[in-house]
Amino acid sequence: MFLAAAPYFQYRFRTDEWAVKNFQSAILSVSTLTNLVGAAFLANRQHTASYPFRINSALYLNAAVLGLLVISSESFLHASTTSYLVFLLAMVALTSWATALLQNGVFAFASSFGRPEYMQAIMAGQGVAGVLPSLVQVISVLIAPPPEIVTADPGIDNPEKGTAAFIYFLTAVVVSVVALGAFVPLIRRHNVMVENRMSETLAESMASIEEAERASRKVVSMTTLFGKLYWIAGGVFLCFTLTMFFPVFTTKILSVTPSSDANALLQPAAFIPLGFFFWNFGDLIGRSIPLVISLRHRPIALFGFGIARSVFLPLYLLCNLHGRGAVVMSDLFYLLIVQLPFGLTNGWLAADCMMAAGEWVEESEREASGAFMGLCIVAGLAAGSLLSFTAAGV
């Protein structure tokens, strides 16, 4: 959501060259580092974990943060660049803590069923979560297009930008509230499943379902899991490390059609989120492919594929960076040859690694393996976000 809103944040930081140049990498770094610390902390709290509680807490926190972003799009518009950047990074940090809670809870929750297709469904849901924000951003900009005066004088306020952002952030609030409602029947099913797994004697000796679940939970160290999953964990780590370069490039690449001749969809305010949409659409498709084509029984091949994805990064240099001109003068090349396949390979590799993890550990270790693989994803995101600063000046 924060990445796809790049045009709006560029507008809010328009008077500060440093902020415009670095806010994307700053968002990525704060997000992934907070997420990494949170995921590591939660991964080491297996025995006392209540995964439904973690999921619910994350959804409530997200809804609150998104509500503040909705307010900020209509109020405090004259706040200084520094103040708004601090506010934005604070919001990013809070949502990243929520993400740590959510990923830890959801991956463990899905892994406990011992069904690879359930994990694939979670990965597909994350793909939808990538497509939706960029699509909403494109639509909101088309509904409230920015007037030409913005490009002429960056010091002039643009109420239409705030309208588009208001629609965008409000949509995210609605999605969070709907997710909260949708999770209620899942908690009920989870409780029934736990009750059925426990013997009547054990269940009666426990004060609650949570206590019964914790009593049957096997605590597994991270080193033990890494010893069984190092190729798979390395594959998903490399996958997301490379992926973190795409947001930095995407915010810098413009349509090859001059602004004076371009329609509304090819203007920067819509074209940048359109680039995010194509990458995330490819990612969504890729997350469904493991149901048909899978290498989860060949972990070394998954790791090798993670390395091979690095070939996509030089392709961004052939596109229209900062509007300076492209080596390949085609928007279709950028959207269909660079963004879509890069996203597709990310989705396929990530989903296949996550599905594979549960098949290379014992049944009693599956729940812990789900949280461990979530930690590997976050570690890859953190490494990639820090490395993405090397591309900030491109």
Are [Y] and [X] connected in a single hydrophobic cluster, I mean Ile/Leu/Val/Met/Phe/Trp/Tyr linked by side-chain heavy atoms less than 4.5 Å apart?
X	Y	value
I307	L302	yes
V236	F226	yes
L238	L386	no
L375	F237	no
L61	V30	yes

Problem - Intermediate values then yes/no, side chain to side chain donor-acceptor pair (under 3.5 Å), N62 and S176 - result: CA-CA 7 Å; N62 268 338; S176 295; 5.1 Å; no

Just by modelled atom types, is the [Y] backbone N or O under 3.5 Å from a matching donor or acceptor in the [X] side chain?
X	Y	result
S29	A26	no
S134	V131	yes
S73	V70	yes
D283	G347	yes
R14	Y11	yes
N104	A39	no
N35	S31	no
E359	A356	no
Q339	G275	yes
T99	T95	yes

With rounding to the nearest 0.5 angstrom, report the [atom1] to [atom2] distance, [X] to [Y].
X	Y	atom1	atom2	result
N263	T257	CG	OG1	8.0 Å
F276	F246	CZ	CZ	5.5 Å
I253	N320	CD1	CG	8.0 Å
S369	K228	OG	NZ	10.0 Å
L344	N280	CG	CG	12.0 Å
F87	S72	CZ	OG	4.0 Å

Measure the shortest side-chain to side-chain distance between [X] and [Y] over non-hydrogen atoms and say whether it is less than 4.5 angstrom.
X	Y	value
I55	L101	no
V20	E17	no
Y51	V106	no
M91	L68	yes
P247	W279	no
M354	I232	no
F342	T345	yes
N346	R287	yes

Practice task
Measure up the F277 and F281 rings against each other and bin them: parallel (under 30°), tilted (30 to 60°), perpendicular (over 60°).
Solution key: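 Taking F281 first and then F277, their aromatic rings lie parallel (interplane angle under 30°).
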
Exercise for the section: Please work out whether the ring planes of Y316 and F249 are parallel, tilted or perpendicular, with thresholds of 30° and 60°. Expected result: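 Y316 vs F249 ring planes: parallel.
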
Practice task
Under the side-chain contact (heavy atoms from CB on, under 4.5 Å) rule, what do I272 and Q10 come out as? Steps first, then yes or no, please.
Solution key: CA-CA 11 Å; I272 291 174; Q10 287 174 341; 4.0 Å; yes

Practice task
Please find out if less than 6.0 Å separates the ring center of F13 from that of Y84.
Solution key: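 Judged by ring-centre distance (under 6.0 Å), F13 and Y84 do meet the cut-off.
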
Exercise for the section: Could you walk me through whether V248 and L28 pass side-chain contact (heavy atoms from CB on, under 4.5 Å), step by step? Expected result: CA-CA 9 Å; V248 178; L28 289 173; 3.9 Å; yes

Exercise for the section: Flag yes if more than 12 heavy atoms outside R188 fall under 6.0 Å of its CZ atom; otherwise flag no. Expected result: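 No, CZ of R188 has 12 or fewer neighbouring heavy atoms, counting only those of other groups under 6.0 Å.
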
Problem - W348 and F305: CA distance, side-chain angles, deciding distance, ring-ring contact (aromatic ring centres under 6.0 Å, His included) verdict - result: CA-CA 10 Å; W348 175 80; F305 192 85; 4.9 Å; yes

Looking only at heavy atoms, which two atoms of [X] and [Y] are closest? And how far apart?
X	Y	result
F271	L335	CE1-CD1, 4.4 Å
A357	L229	O-CD2, 3.7 Å
G235	C353	C-SG, 4.2 Å
P273	P268	CD-O, 4.1 Å
V361	E365	CB-OE1, 3.5 Å
V256	A326	CG1-CB, 4.1 Å

Practice task
Going by the side chain to side chain contact (heavy atoms under 4.5 Å, CB included) test, name the single residue among L36, T34, T32 that passes it with V378.
Solution key: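 Checked L36, T34, T32 against V378; only one passes side chain to side chain contact (heavy atoms under 4.5 Å, CB included): L36.
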
Problem - side-chain contact (heavy atoms from CB on, under 4.5 Å) evaluation trace for L315 with L318 - result: CA-CA 5 Å; L315 297 181; L318 304 179; 4.1 Å; yes

Exercise for the section: Would you kindly check if the NZ (Lys) or CZ (Arg) of R12 is within the cone defined by 45 degrees around the ring axis of F9 and under 6.0 Å from the six-membered ring centre? Expected result: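 Pair R12/F9 does not count as cation-pi.
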
Practice task
May I have the step-by-step check of side-chain contact (heavy atoms from CB on, under 4.5 Å) for L381 and T241, ending in yes or no?
Solution key: CA-CA 5 Å; L381 292 172; T241 298; over 6 Å; no

